[in-house]
Q: 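I'd like to ask you about the structure that follows.
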Amino acid sequence: MSNNQMTTDASDKALADSAQNFAFTSRVDQIIAWGRKNALWPLPYGTACCGIELMSVMGPKYDLARFGAEVVRFSPRQADLLIIAGTITEKMAPVILRIYQQMLEPKYVLSMGACASSGGFYRSYHVLQGVDKVVPVDVYVPGCPPTPEAVLDGVMTIQRMIETNTPRPWRDNWQAGVWR
Amino acid sequence: MMNIETLKTDISARFPANEFKYENLFGDNVLNVPKENIVGVLKHLKENSKFDFLMMVAAADYPDRQKRFDVTYELFSSKNYSRVRVKTQVGENESIDTACSVWRSANWFERECYDMYGIQFKGHPNLTRILVHHQFVGHPLRKDYDANHQQHCTETLPIHFEDEPNYTPDPNKDLVPLNIGPSHPATHGTLRVMVELDGERVKRANVELGFLHRCFEKMAETHPYNQVIPYTDRLNYCSAPMNNVGYCKTVERMLGVEIPARAQAMRIILCELSRIIDHIVCLGANAVDLGALTGFFHLFQYREKVYNLFEKLCGARLTVALTRVGGMAQDAPEGWFNEVLQFCNEMTVGIDELERMLTGNKIWMLRTQNVGAIKPDDAIMWGYTGPLLRATGVSLDLRKAQPYYGYEQLDFDIPVGTTGDCYDRYLVRVEEMRQSVKIIRQVAKNMPSGDYTIRDKNIVLPEKKNVYGNIEGLMNHFMLIMKGLRPPKGEVYDATEAANGELGFYLVSDGSGNPYRLKVRPPCFAIYQSFSDQITGGLLSDVISVLGSMNLIAGELDR
């Protein structure tokens with residue numbers, strides 16, 4: 001028995017030694033967050049001018065791929081980051097709501113530009129005064145259109161939110177179909 | 001150009017004892033007719049006076065008048081490049097005969113008049129809402145509709161086909177209804193295409209638009225003239241400076257001012273740079289939709305270079321707003337024109353590379369040749385302009401037909417195609433990029449010196465150093481900001497050759513600081529009308545080719 005005890009101690013020690021060489025301790029949620037953060041699959045919902053600027057963000061010079069958000073998916077079922085780039089009109093509102101609902105958890109929304117964030121300078125009868133009236137938005141990127149650098153910063157902000165598991169009350173309190 | 005006397009004798013011979021009124025407003029021939037005669041007059045002008053294009057149908061609202069609405073038909077002749085505007089008045093509860101029997105292009109323009117003003121067109125095949133959503137109540141461009149009164153839309157329309165409003169999809173269970181868009185990678189943002197398929201063949205097709213209706217025209221009515229310029233940026237956002245130029249040119253014509261030679265040359269350079277980057281987006285996206293991603297990434301580096309040039313000029317990349325009524329917002333920084341010339345050299349290489357990638361590419365040819373072909377007469381009937389019209393073999397380019405800003409002194413060619421299919425459209429666009437490079441080289445090498453704007457204190461703001469430096473500058477600045485620039489009463493239609501075709505602005509002024517009515521004639525609105533017709537009977541995969549080749553920019557399509 002005592003002999004047996006001794007071997008266990010020895011193997012524990014060996015394990016502890018080897019762990020210091022190649023393993024590290026973490027929490028499961030942190031590992032998952034790290035993975036999520038570096039593999040965002042964006043759905044580029046480009047409706048207007050910002051969509052053209054979003055092309056530049058994806059294009060050769062600014063290259064969003066450097067931030068792990070390379071795999072552009074046009075199917076909401078495969079995407080976890082909805083980039084709303086452009087004016088959302090009243091006519092588009094039910095469409096964007098449906099797309100958001102079709103996305104699988106966890107999902108994040110980046111509102112690119114003044115129009116998507118607040119209606120911008122279109123204070124008019126057919127423009128939704130901010131897409132957050134129908135879907136919960138995590139990051140607003142200002143600009144008309146924002147520079148690609150600003151969009152990259154927005155994506156990095158979302159990555160930080162994922163990494164630190166930032167609470168998202170706007171999302172938790174959101175209800176589909178309720179006009180806010 | 002046709003003068004008003006010829007028009008008068010011509011019309012009087014056909015319609016004796018008429019009470020038509022002839023006007024010449026800022027050089028435009030305007031013919032006022034009673035609404036009963038409208039279709040007869042239009043038909044006569046089309047068949048006997050060679051006015052083969054109906055450029056647009058517009059309406060305007062005058063609530064205090066007995067007959068509340070003006071309906072305006074803008075005609076253009078590709079034979080002698082003259083224009084005439086036919087106007088009529090319609091009361092609130094009256095209807096007017098449709099012009100759809102004369103021009104097919106009247107269809108959507110009349111629908112838009114109905115949507116915006118509630119004007120009834122008798123005999124119209126499908127008089128339904130086109131831009132605003134189907135749950136909308138009222139007619140937003142009427143003067144008594146508040147610009148800031150939004151109405152929510154809670155559901156989208158099911159698949160529908162416009163020629164048969166009560167048609168239920170798939171009655172015999174052997175056709176497959178298919179909805180493409182508005183969220184679809186090939187619909188470039190906000191277009192919705194609905195088709196019914198028999199195997200791979202499209203049996204029936206319809207489109208829905210208005211998903212990006214941002215109320216440009218209402219916004220223009222509620223803002224002073226100079227504040228409209230940023231809104232024009234966002235019409236065709238792929239080539240924003242061209243819209244600035246088109247709008248400012250219209251206002252300048254109304255004011256009767258001519259901008260300095262340097263401003264004209266700068267505007268030409270901006271327009272041609274925009275034409276290049278517009279074609280880059282169109283060709284790049286078209287190729288992406290058909291599976292060639294390389295071209296897009298490759299071409300976009302050239303687009304970035306143009307963005308850099310714009311950024312140096314005004315600080316913005318995409319939505320530049322760098323023209324002002326009366327000239328430019330500011331002069332170009334030192335060395336800018338040399339950088340433009342440098343870009344021309346790089347772009348020439350880029351176009352060659354693009355051609356090596358696509359022109360002889362077998363897949364590209366198979367996907368685009370004999371797809372979407374259209375005859376010249378049909379194209380004119382639909383109101384095609386720009387590269388798509390030229391691809392059918394009609395050599396019409398406003399830079400040659402009605403030259404402005406000194407295009408007549410420049411050496412460039414107008415490329416034309418033969419069949420009007422997607423491949424020809426591609427070839428025309430590529431050649432136009434080469435010609436644009438040629439134009440930019442000529443202008444940038446011979447930049448005129450002098451001022452970049454006129455210095456009329458009632459039109460142009462004084463320079464900042466004068467505003468802060470002396471009392472006169474401060475006063476002029478204050479007066480212009482408070483009062484706004486005020487063109488004389490009247491109306492004008494002016495058009496420029498934008499990347500997609502004729503970009504027209506119809507401006508009505510009541511002498512106040514805001515436009516009374518500003519109607520845009522977007523080139524792709526007329527072109528997109530023919531889309532259902534073009535794809536019916538073809539393969540489903542061709543839908544994507546045709547859609548990409550039309551270069552539909554939702555911003556100017558829906559406004």
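In the text below, chain A, chain B and the rest are named by the order of the sequence lines, each starting its count at 1.
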Q: Please round to the nearest 0.5 Å and tell me the distance separating atom CG of Leu212(B) and atom NZ of Lys91(A).
A: 11.0 Å
Q: With chain A as the partner, which of His134(B), His223(B), Glu155(B), His298(B) has the greatest number of non-hydrogen pairs under 4.5 Å?
A: Glu155(B)
Q: Please identify, among Gly86(A), Pro44(A), Gly51(A), Pro145(A), the residue contributing the most non-hydrogen atom pairs under 4.5 Å to chain B.
A: Pro145(A)
Q: State, to 0.1 Å, how close Tyr62(A) and Arg317(B) come at their nearest heavy-atom pair, and which atoms those are.
A: OH-NH1, 3.5 Å
Q: About how many Å separate CD1 of Ile52(A) and OG of Ser239(B), when rounded to the nearest 0.5 Å?
A: 10.0 Å
Q: Identify the heavy atoms of Thr47(A) and Ala554(B) that sit nearest to each other, and give their distance.
A: O-CB, 4.3 Å
Q: With heavy-atom distances below 4.5 Å as the criterion, would you say the side chains of Met219(B) and Ser124(A) are in contact?
A: yes
Q: Hey, what's the ring geometry for His126(A) with His133(B), parallel, tilted or perpendicular (30° and 60° as the breaks)?
A: parallel
Q: Would you give the length of the straight line joining atom OG1 of Thr154(B) to atom CG of Leu97(A), rounded to the nearest 0.5 angstrom?
A: 10.5 Å
Q: Is Met55(A) in contact with chain B via its backbone, its side chain, both, or neither, using a 4.5 Å heavy-atom distance?
A: both
Q: Would you say CZ of Arg129(B) has more than 12 non-hydrogen atoms from neighbouring residues, nucleotides or ligands within 6.0 angstrom?
A: yes
Q: Mind ranking Gly210(B), Gly555(B), Gly284(B) by heavy-atom pairs under 4.5 Å with chain A and telling me who comes out on top?
A: Gly210(B)
Q: With chain A, which of Tyr231(B), Tyr145(B), Phe136(B), Phe296(B) has the greatest number of heavy-atom pairs at distances under 4.5 Å?
A: Tyr231(B)
Q: Rounded to the nearest 0.5 Å, what separation is found between the CD atom of Gln150(B) and the OH atom of Tyr125(A)?
A: 11.5 Å
Q: With a cut-off of 6.0 Å (strictly less than), are more than 12 heavy atoms of other residues, nucleotides or ligands near CZ of Arg142(B)?
A: yes
Q: Between CD of Glu90(A) and NE2 of His213(B), what distance do you get to the nearest 0.5 Å?
A: 11.5 Å
Q: Is it the backbone or the side chain of Glu208(B) that comes under 4.5 Å from a heavy atom of chain A, or both, or neither?
A: side chain
Q: If the condition is ring-ring contact (aromatic ring centres under 6.0 Å, His included), which residues does Tyr307(B) pass it with, not counting sequence neighbours?
A: none
Q: Atom SG of Cys215(B) and atom OH of Tyr122(A): how far apart are they, to the nearest 0.5 Å?
A: 9.0 Å
Q: Side chain, backbone, both or neither: which part of Ile553(B) has a heavy atom under 4.5 Å from chain A?
A: neither
Q: Is any side-chain heavy atom of Cys144(A) closer than 4.5 Å to a side-chain heavy atom of Arg234(B)?
A: yes
Q: How about Phe300(B) and Ser56(A): do any of their side-chain heavy atoms sit closer than 4.5 Å?
A: yes
Q: Shorter than 4.5 Å, heavy atoms on both sides: which option in Thr319(B), Thr222(B), Val281(B) has the most such pairs with chain A?
A: Thr319(B)
Q: Counting only non-hydrogen atoms closer than 4.5 Å, does Leu557(B) touch chain A with its backbone (N, CA, C, O), its side chain (CB onward), both, or neither?
A: neither
